[in-house]
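Contents: one structure, followed by commentary.
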Number of protein chains: 2
Amino acid sequence: MNKIPKTVSRRLSLYQRCLKNLILQGKKNISSKELAEKLGFKSSQVRKDLSYFGAFGKRGVGYDTNYLLKMIERILGVNKSWSVVVIGAGNLGHALINYEILKKNGFYIVGIFDIDPKKIGKKIGELTIINMKDFKEFVKKSKVEIAVIAVPPSSAQQVADTIVESGIKGIVNFSPVIINVPQGIIVEEIDISIPFKNLTFKLTSNGFRGA
Amino acid sequence: MNKIPKTVSRRLSLYQRCLKNLILQGKKNISSKELAEKLGFKSSQVRKDLSYFGAFGKRGVGYDTNYLLKMIERILGVNKSWSVVVIGAGNLGHALINYEILKKNGFYIVGIFDIDPKKIGKKIGELTIINMKDFKEFVKKSKVEIAVIAVPPSSAQQVADTIVESGIKGIVNFSPVIINVPQGIIVEEIDISIPFKNLTFKLTSNGFRGA
DNA sequence: TAGATTGTTAATCGATTAACAATC
DNA sequence: TAGATTGTTAATCGATTAACAATC
């Protein structure tokens with residue numbers, strides 16, 4: 001079986017996003033050419049990406065938008081709901097809890113944790129901030145599948161260790177530090193400052209050769 | 001002059017992050033091998049990346065951490081401060097304003113805007129939410145260089161148009177929709193739901209060949 | 001059937017890595 | 001000087017794109 005380039009899953013997310021919009025606009029069918037143009041890709045890129053997972057189109061016709069969306073969501077694993085907890089009830093934690101787009105994609109935040117006694121017990125929307133001490137118990141009881149690290153970098157590794165001990169297999173890490181986890185645990189890193197730095201890199205750009 | 005791979009600037013941000021931590025820990029010198037290992041790269045990757053911009057090391061010795069950090073920050077354009085405005089005073093806007101890591105990297109949020117009359121005039125920390133009508137005036141007066149789109153997808157394009165009219169050249173777009181801007185305007189996209197989907201893709205993964 | 005567009009193979013392009021001369 | 005590590009070239013690897021037979 002063909003090895004799937006690491007770049008594919010990000011593009012699948014973009015196809016999904018785009019198809020959702022097109023369906024809202026009433027579009028029933030789309031060619032790889034049209035989908036590619038909307039995203040600034042080549043049509044062969046779109047067809048190749050999809051071909052790793054199956055054959056979803058009709059030659060001469062294109063792709064049924066609803067069917068293709070369904071297939072892509074199945075590939076991405078967002079055809080089901082996921083139980084998510086957030087560790088760290090700071091501003092980022094708050095924002096994530098209220099982030100509609102996660103909910104719309106089936107990521108349901110079912111718990112929020114902190115170690116700060118001043119925060120524990122307070123409410124954020126429907127959720128009550130829980131003591132980190134009770135983390136493992138909660139994860140077992142609520143069958144949590146994904147944990148989000150939204151604590152300061154200094155405590156990120158410690159939090160990661162607790163997550164791993166709890167049996168959770170998937171982590172989204174917002175803390176700008178590399179965390180070490182055992183084999184079999186999947187970590188996705190997201191550093192909000194990186195797009196800002198990419199931007200200033202390009203704005204400044206960039207014949208810098210000072211030594 | 002050598003073309004710089006598109007992947008380089010992200011890694012430069014990671015080198016920067018790592019060097020900052022190492023300096024805090026008192027490390028004065030580092031080899032490409034050691035830096036690479038910390039980030040899971042090959043040492044030749046590190047040396048090649050740096051070589052696009054100059055020769056910052058000493059053969060037989062390695063890199064002075066302070067000096068290398070300084071050079072990388074100059075390359076990334078974060079050796080100076082940047083004036084940033086946020087459009088959209090929702091949860092994400094709130095979180096960004098209070099996000100220490102942006103401040104630490106020299107990204108200063110100097111204004112926050114919304115169109116909701118209920119929000120306009122309210123305070124978030126030191127900032128008062130300003131009417132979007134006064135956006136262009138504010139940008140001129142405060143010499144704003146970067147705008148952040150933190151509004152719902154439905155109004156993202158309209159906001160982008162206003163940003164472009166204001167003369168701002170750099171945009172960070174948190175709204176999960178592709179925005180169109182004229183040549184010469186730089187847009188960095190960040191979709192918070194993508195790492196979640198990457199994660200479920202891997203967790204589900206993924207011999208899917210259903211058709 | 002003729003026209004269109006897929007799915008897939010092969011060619012191209014770009015990025016990473018190994019290797020090594022230069023040199024601290 | 002001997003040992004270490006850089007900076008850079010060339011080889012390898014992986015991802016994108018063009019091209020086209022298959023087929024709706």
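These numbers come from a predicted model, not from an experiment. Each chain gets a letter, A, B and so on, in the order the sequences are listed, and its residues count up from 1.
- With rounding to whole Å, A:Leu35 atom CG is found 20 Å from C:dA4 atom P.
- Under the Watson-Crick or G-U wobble criterion, with both distances below 3.5 Å, C:dT23 is paired with D:dA4.
- The NZ atom of B:Lys6 sits 14 Å away from the P atom of D:dA15 (whole-angstrom rounding).
- Across all strands shown, A:Tyr63 has heavy atoms under 4.0 Å from sugar-phosphate atoms exclusively, and none from any base.
- Of the charged side-chain nitrogens involved, none lies within less than 4.0 Å of a carboxylate oxygen, so that A:Glu34 and A:Lys38 do not count as a salt-bridged pair.
- When the side-chain nitrogen and oxygen atoms of A:Thr7 are compared with OP1 and OP2 of D:dT16, one or more of them lie within a distance under 4.0 Å.
- Residue-to-nucleotide proximity on DNA chain D shows that, of B:Gly62 and A:Arg59, the 5′-proximal contact is made by B:Gly62.
- Whole-Å rounding puts the A:Tyr67 OH to C:dT6 P distance at 15 Å.
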- Between B:Phe135 and B:Phe113, is a ring-ring contact (aromatic ring centres under 6.0 Å, His included) present by the stated rule, with each step listed? CA-CA 7 Å; B:Phe135 182 75; B:Phe113 294 83; 5.0 Å; yes
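- Considering only the side chain of B:Lys58, C:dC24 comes nearest among C:dC24, C:dT17, C:dA10.
- Note: OH (B:Tyr52) to C1' (C:dT17) measures 12 Å, nearest angstrom.
- The separation between A:Lys48 atom NZ and C:dA10 atom C1' is 10 Å, rounded to whole Å.
- For B:Gln45, whose side chain is taken as the heavy atoms from C-beta onward, the closest listed nucleotide among C:dT16, C:dG7, D:dT16 is C:dT16.
- Look at B:Lys70 and B:Glu73 and you find no salt bridge, because none of the NZ, NE, NH1 or NH2 atoms lies under 4.0 Å from a carboxylate O.
- Among the atoms of the strands shown, only primed sugar atoms or phosphate atoms (P, OP1, OP2) are found under 4.0 Å from some heavy atom of B:Ser31.
- With DNA chain D read from its 5' end, the first of the two nearest nucleotides for B:Lys33 and A:Arg47 is the one closest to B:Lys33.
- Closest approach to the A:Pro5 side chain among C:dA15, D:dA15, D:dT8 is made by D:dA15 (side chain taken as heavy atoms from C-beta onward).
- Remark: P of D:dT6 and CZ of B:Phe53 are 18 Å apart, rounded to the nearest angstrom.
- A salt bridge between A:Glu145 and A:Lys80 is present, with a side-chain N of the basic residue lying under 4.0 Å from a carboxylate O of the acidic one.
- Within 4.0 Å (heavy atoms only), A:Ser32 reaches sugar-phosphate atoms of the nucleic acid but no base atom.
- The base-pairing partner of D:dG14, taking Watson-Crick or G-U wobble contacts with both distances under 3.5 Å, is C:dC13.
- Whole-Å rounding puts the B:Lys3 NZ to C:dT16 P distance at 12 Å.
- Look at CZ on A:Phe56: it is 11 Å from P on C:dT8, rounded to the nearest Å.
- A salt bridge does not link B:Lys141 to B:Glu137: none of the charged nitrogens lies less than 4.0 Å from a carboxylate oxygen.
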